[in-house]
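Here is the structure we will look at, set down as structure tokens.
Note that the structure is a prediction, hence the values are computed from the model and not measured. Numbering of residues begins at 1 and proceeds along the displayed sequence.
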Amino acid sequence: METLIFKIVLSSAMLIAFYYLFLEKERSFKFNRSFLLSAVVFSYIVPFIPYNSPFKSYDNPQLIIGEGSLELNAASVNVAPSFDWVKILFIAYLLVSLFFLIKFIYSFLRLQFLKGEMRTYKNQKILILQKNYAPFSFLGTIYLSKNYLVDDQIDNRIFLHEQCHVEEKHSLDILFIEFLKIFSWFNPALFFYKKAMIANHEFLADQYVLQKNYDVKNYQYLILNEIKMAQSFNLTHQFDFNNTKKRFIMMTSKNSRFSGLKKFTLLPVLAVLFVLSAKKVSAQTESKPDVEPTPVKAEKQDVAILLDEKNATPDQKEFMAMAKKIMAEHQLKKDTINKKQSQDIAVPTPPPPPPGKFEQVPAEFPGGANALRQLVGNNFDTSILSREQGLLKTTINLSIDENGNISNVLAEGENQKFNAEAVRAFTTANEGKVWRPATENGQAVKTVYKMPLTMVFQGSAKK
């Protein structure tokens with residue numbers, strides 16, 4: 001997730017920086033509007049686009065999933081409590097998103113509750129407001145105070161300016177950015193995009209008015225006279241938009257000689273961002289001709305590769321043996337600690353079971369343990385651990401109730417990223433699945449299931 005957010009922020013920041021450096025001062029206003037909208041869309045979708053890298057991968061981490069173990073008659077998983085920073089950050093994210101959502105709804109409703117008389121003027125809806133506001137527009141309506149009507153006529157320059165905003169649907173651009181801010185407020189580039197879009201919309205509207213052969217100086221004086229009537233409507237386009245100096249400069253400026261070249265410069269920038277941000281699909285690792293390669297699903301990217309001892313290469317067999325040895329030592333150490341802890345606590349010896357037939361049947365995943373291991377491996381995203389080294393270990397713990405439903409899926413390990421991805425992959429593998437519950441003397445009972453996972457990086461296997 002962190003990588004995804006970083007790619008979105010990086011792409012959007014680089015593209016808005018390109019706009020301010022090369023395009024903002026050019027009079028290609030319609031191209032600039034298209035660029036700003038396309039840049040935002042590109043930044044948010046490119047991390048999800050698969051990109052087939054021409055380079056072969058030689059350092060894919062290998063995931064080894066151990067055999068699961070069961071403990072009957074255990075009501076729940078006992079894991080040492082830890083402070084969950086991920087949950088705290090997620091709650092903080094939701095609270096900030098809720099703030100922006102409330103702000104968006106408030107801004108929208110504030111416009112809807114403005115009181116006035118709705119009219120049709122030159123086939124355009126206008127709302128004559130009771131309060132004294134400078135003219136502005138939102139979606140398909142122009143808003144202005146009644147003192148702008150002289151003999152039921154509106155200054156045509158003001159009307160044409162706001163009509164341009166309405167006809168070219170400039171409000172939709174702002175609504176799009178405000179919507180993105182609700183769930184991606186952490187992206188600071190969005191605030192610069194909104195500022196650039198509003199300025200560009202004003203340049204377009206000013207150009208639309210001046211194309212009707214109105215005097216530039218008189219039009220500029222009209223804008224200056226309206227600045228004193230400032231108001232704040234977040235989602236609107238106001239005639240007195242206060243970036244006056246820049247607007248006046250753009251009214252009389254001309255395109256630079258390199259205007260066309262600047263647009264072509266965008267192509268290599270997009271290409272670089274695509275390579276950096278797209279979801280990469282590495283080529284298959286080269287294997288020796290006399291060894292049959294282990295089949296891997298092509299449609300899944302960055303999945304963990306389950307190792308099979310029959311088809312493994314010598315290098316893979318080497319770190320498989322190393323991983324098993326470490327897992328065994330880890331389990332032995334854990335058993336010793338648990339044994340010592342159990343000795344320190346006085347536990348009454350349970351009475352012996354009554355004579356007679358006693359039968360236990362363990363819980364089973366639909367399709368068996370191998371099917372579970374395969375599903376976990378297919379859903380495990382190794383790309384989030386690309387910067388890790390050495391060997392990572394964790395143990396998945398979960399409860400299985402009498403109906404075969406799982407709960408309390410947790411992971412015990414030192415690496416929090418590895419733990420979180422293990423829990424996610426295991427939970428995803430169990431979506432829509434119901435286990436066959438464990439039974440004791442024919443009666444379904446609760447069970448604790450444990451599954452060890454080890455991630456081995458090829459660079460560390462030979463050390």
Side-chain angles (χ1 to χ4, degrees), residues 1-17 19-20 33 35-48 82-116 127 129 131 133-134 136-141 143 165-166 169-202 229-243 277 384 416-417 420 423-424 427:
M1 179 61 72
E2 297 91 340
T3 304
L4 179 65
I5 293 174
F6 175 75
K7 289 179 178 180
I8 291 174
V9 173
L10 175 66
S11 296
S12 54
M14 289 187 66
L15 288 175
I16 193 62
Y19 172 81
Y20 278 115
R33 182 191 181 191
F35 170 83
L36 290 169
L37 287 171
S38 302
V40 175
V41 174
F42 175 87
S43 300
Y44 277 77
I45 67 171
V46 71
F48 300 97
S82 60
F83 195 74
D84 193 346
W85 282 105
V86 175
K87 184 178 292 185
I88 297 298
L89 291 175
F90 182 68
I91 293 173
Y93 164 80
L94 290 180
L95 289 175
V96 179
S97 295
L98 180 62
F99 167 77
F100 279 99
L101 176 61
I102 293 173
K103 183 180 177 183
F104 176 83
I105 295 173
Y106 170 77
S107 300
F108 184 82
L109 292 179
R110 187 183 175 199
L111 291 170
Q112 301 306 308
F113 287 119
L114 284 175
K115 295 181 180 180
L127 184 66
L129 301 173
K131 292 186 177 181
Y133 290 127
F136 63 93
S137 59
F138 178 67
L139 294 177
T141 304
Y143 300 76
H165 289 314
V166 171
K169 305 185 188 308
H170 292 165
S171 295
L172 296 181
D173 300 5
I174 306 304
L175 289 173
F176 175 57
I177 293 296
E178 292 294 333
F179 173 74
L180 287 180
K181 283 167 60 178
I182 293 173
F183 67 88
S184 58
W185 48 264
F186 50 81
N187 185 0
L190 289 180
F191 298 88
F192 293 96
Y193 275 99
K194 181 182 177 181
K195 182 179 179 181
M197 285 181 177
I198 293 178
N200 177 256
H201 294 162
E202 296 305 320
M229 300 179 59
Q231 76 266 350
S232 178
F233 289 102
N234 190 39
L235 304 177
T236 66
H237 291 87
Q238 300 169 198
F239 182 76
D240 65 333
F241 176 67
N242 61 7
N243 202 347
S277 302
I384 65 170
Q416 293 302 316
K417 285 186 179 180
V423 170
R424 188 203 64 79
T427 303

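Within the 4.5 Å cutoff, no side-chain heavy atoms of V46 are placed close to those of K7. Side-chain contact check for F108 versus F138: some heavy-atom pair is nearer than 4.5 Å. Contact check for F136 versus L129: side-chain heavy atoms found under the 4.5 Å cut-off.
Looking only at atom types and distance, the side chain of D173 has no donor-acceptor partner in the side chain of Y193 under 3.5 Å away. Side-chain contact of S184 with Y44: a donor-acceptor pair under 3.5 Å is present, judged by distance alone.
Applying the side-chain hydrogen bond (donor to acceptor under 3.5 Å, both in side chains) test to Y20 and every residue at least two apart in sequence or in another chain returns nothing. Every side-chain hydrogen bond (donor to acceptor under 3.5 Å, both in side chains) that S97 has, sequence neighbours left out, goes to W185. Applying the side chain to side chain contact (heavy atoms under 4.5 Å, CB included) criterion to L109, with sequence neighbours excluded, gives I105, F113.
Of the residues listed (L98, L101, V96), the one engaging I182 in a side-chain contact (heavy atoms from CB on, under 4.5 Å) is L101, and it is the only one.
For CZ of F186, the number of neighbouring non-hydrogen atoms (other residues, nucleotides, ligands) closer than 6.0 Å is greater than 12. Within 6.0 Å of atom CZ in F192, 12 or fewer heavy atoms from other residues, nucleotides or ligands are found, so the atom counts as exposed in its surroundings.
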task = Show your working on side chain to side chain contact (heavy atoms under 4.5 Å, CB included) between Y133 and L114 and close with a plain yes or no.
result = CA-CA 11 Å; Y133 290 127; L114 284 175; 4.1 Å; yes
inquiry  = I'd like to know whether K103 forms a salt bridge (charged side-chain N to carboxylate O under 4.0 Å, His left out) with E178, so could you lay out the CA-CA distance, the side-chain angles of the two residues, the decisive distance to 0.1 Å, and finally the verdict.
reply    = CA-CA 10 Å; K103 183 180 177 183; E178 292 294 333; over 6 Å; no
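Without hydrogens or angle criteria, S43 side chain to S12 main chain gives a donor-acceptor distance under 3.5 Å. In this structure a side-chain-to-backbone donor-acceptor pair under 3.5 Å is present from Y93 to F183.
Taking the six-membered ring where tryptophan is involved, the planes of H170 and H165 are perpendicular, since the angle between them exceeds 60° and thus also 30°.
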